[in-house]
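The structure appears right after this line, and notes come after that.
In what follows, residues are counted from 1 in the order of the sequence shown.
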Amino acid sequence: HEDFFVALERAGVRLAPLVSDDLPRIEGASLRWPVVIEYPEEDVPNDYYKDADTDGLVADWLLELFPEDAPPPWDDGRRYHAANLALYVQVPYAPSLFRTAEAYADFRIRRTTRSPDASDRPTYLELSPAATFRDLVTHPKFALTGPLRVELRPQDSPEHRAWRDRLSRDHAIIPVLEPRR
């Protein structure tokens with residue numbers, strides 16, 4: 001496991017208490033990430049990708065997953081296409097961050113539970129299509145807890161606008177690579 005921690009440190013990734021054993025794997029000098037795609041506005045199962053390229057552009061990844069000529073079979077309204085998707089990753093609560101295997105082992109030995117309190121509110125990183133997964137996992141607010149869990153929301157949906165407006169009022173959306181205007 002020491003190699004794993006060294007690779008994360010070299011990549012600039014912070015490690016929080018893990019909620020899953022499904023972790024990035026080392027391939028040569030790079031890390032390959034497991035990704036769970038969630039569709040919070042749809043009643044469909046999540047998609048799982050075991051091996052996302054850390055340096056691939058989010059835009060290229062979206063074009064591969066949602067080609068214009070082949071929408072997902074469950075997308076009757078054709079809302080899920082690369083140009084219409086907003087991507088979010090919830091920032092995990094991370095009371096402790098670990099840079100070494102020893103620090104993580106110490107945490108596991110003395111693990112404590114934490115009760116949520118009323119002041120807790122979710123915070124999300126919003127991924128720009130021009131970002132890479134490396135931009136996400138090295139963002140100062142991101143901490144690795146397991147697979148990347150990415151929420152996809154159609155930008156033009158009323159549900160997305162209401163959800164985004166509510167979080168924006170609380171300053172709970174942080175852009176990863178702000179789009180140039």
Side-chain angles (χ1 to χ4, degrees), residues 11-13 16 18-28 30-93 121-181:
V13 177
L18 298 174
V19 297
S20 169
D21 292 331
D22 195 7
L23 298 172
R25 65 181 181 78
I26 302 167
E27 185 176 276
S30 67
L31 294 170
R32 307 289 294 184
W33 295 86
V35 179
V36 175
I37 305 297
E38 300 172 343
Y39 306 96
E41 295 184 21
E42 304 297 329
D43 187 21
V44 297
N46 296 338
D47 284 324
Y48 175 78
Y49 299 91
K50 187 170 181 71
D51 228 12
D53 178 11
T54 307
D55 295 315
L57 287 178
V58 170
D60 292 339
W61 186 71
L62 285 173
L63 288 168
E64 184 178 319
L65 294 176
F66 299 99
E68 285 293 324
D69 59 342
W74 45 262
D75 184 16
D76 296 332
R78 294 188 65 103
R79 300 180 322 148
Y80 286 79
H81 54 87
N84 189 45
L85 293 175
L87 291 83
Y88 301 93
V89 174
Q90 188 170 355
V91 176
Y93 171 75
R121 65 172 165 72
T123 299
Y124 288 83
L125 297 175
E126 181 178 21
L127 285 172
S128 162
T132 65
F133 283 118
R134 181 178 305 279
D135 295 322
L136 168 66
V137 301
T138 58
H139 191 280
K141 294 286 187 185
F142 181 82
L144 177 68
T145 60
L148 298 177
R149 300 190 73 83
V150 180
E151 292 185 14
L152 268 63
R153 296 173 179 270
Q155 290 183 22
D156 61 359
S157 79
E159 295 90 353
H160 173 248
R161 284 192 294 274
W163 177 85
R164 186 176 170 76
D165 289 348
R166 187 178 70 252
L167 286 174
S168 293
R169 280 192 297 274
D170 292 337
H171 307 288
I173 296 178
I174 302 165
V176 176
L177 286 186
E178 275 191 84
R180 296 179 198 264
R181 301 191 197 283

Got a sec, which residues hit side-chain contact (heavy atoms from CB on, under 4.5 Å) with [X], two or more places apart in sequence or on another chain?
X: P147; value: S20, D22, P34, V36
X: P72; value: F66, W74, D75, Y80
X: S157; value: E41, R79, P154, E159, H160

Please give me the minimum heavy-atom distance between [X] and [Y], naming the atom from each residue.
X: P40; Y: L152; answer: CD-O, 3.5 Å
X: P175; Y: H139; answer: O-NE2, 4.0 Å
X: V176; Y: A131; answer: O-CB, 4.1 Å
X: I173; Y: S168; answer: CD1-OG, 3.9 Å

Checking [X] now: which residues fulfil side chain to side chain donor-acceptor pair (under 3.5 Å) with it, not counting sequence neighbours?
X: D55; answer: R134
X: R78; answer: none
X: D156; answer: N84

Any side-chain heavy atom of [X] sitting closer than 4.5 Å to one from [Y]?
X: Q90; Y: T123; value: no
X: L62; Y: L87; value: yes
X: N46; Y: I37; value: no
X: V89; Y: L148; value: no
X: W33; Y: V137; value: yes

Worksheet entry | Worked check of salt bridge (Lys or Arg N to Asp or Glu O under 4.0 Å) between R149 and E151 | CA-CA 7 Å; R149 300 190 73 83; E151 292 185 14; over 6 Å; no
Item to complete: Sort and list the pairs that fulfil salt bridge (charged side-chain N to carboxylate O under 4.0 Å, His left out) and have at least one residue in residues 138-148, not counting sequence neighbours.
Response: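 For residues 138-148: none.
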Fill in: salt bridge (Lys or Arg N to Asp or Glu O under 4.0 Å) partners for R161, two or more places apart
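For R161, no residue satisfies salt bridge (Lys or Arg N to Asp or Glu O under 4.0 Å) once neighbours in sequence are set aside.
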Worksheet entry | Set of residues satisfying salt bridge (Lys or Arg N to Asp or Glu O under 4.0 Å) with respect to D51, sequence neighbours excluded |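 D51: salt bridge (Lys or Arg N to Asp or Glu O under 4.0 Å) contacts with R25, R32.
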Discussion item. Taking ring-ring contact (aromatic ring centres under 6.0 Å, His included) as the cut-off, I'd like each qualifying pair that reaches into residues 42-65, sequence neighbours left out, listed once.
Written reply: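 Applying ring-ring contact (aromatic ring centres under 6.0 Å, His included) to every pair that reaches into residues 42-65, excluding sequence neighbours, yields W61-F133.
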Worksheet item: Any side-chain donor paired with an acceptor under 3.5 Å for T132 and D135?
Response: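 Short answer, yes.
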Worksheet item: Quick one: ring-ring contact (aromatic ring centres under 6.0 Å, His included) partners of W163, sequence neighbours excluded?
Response: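 If we apply the ring-ring contact (aromatic ring centres under 6.0 Å, His included) test to W163, skipping adjacent residues, the hits are Y88, Y124.
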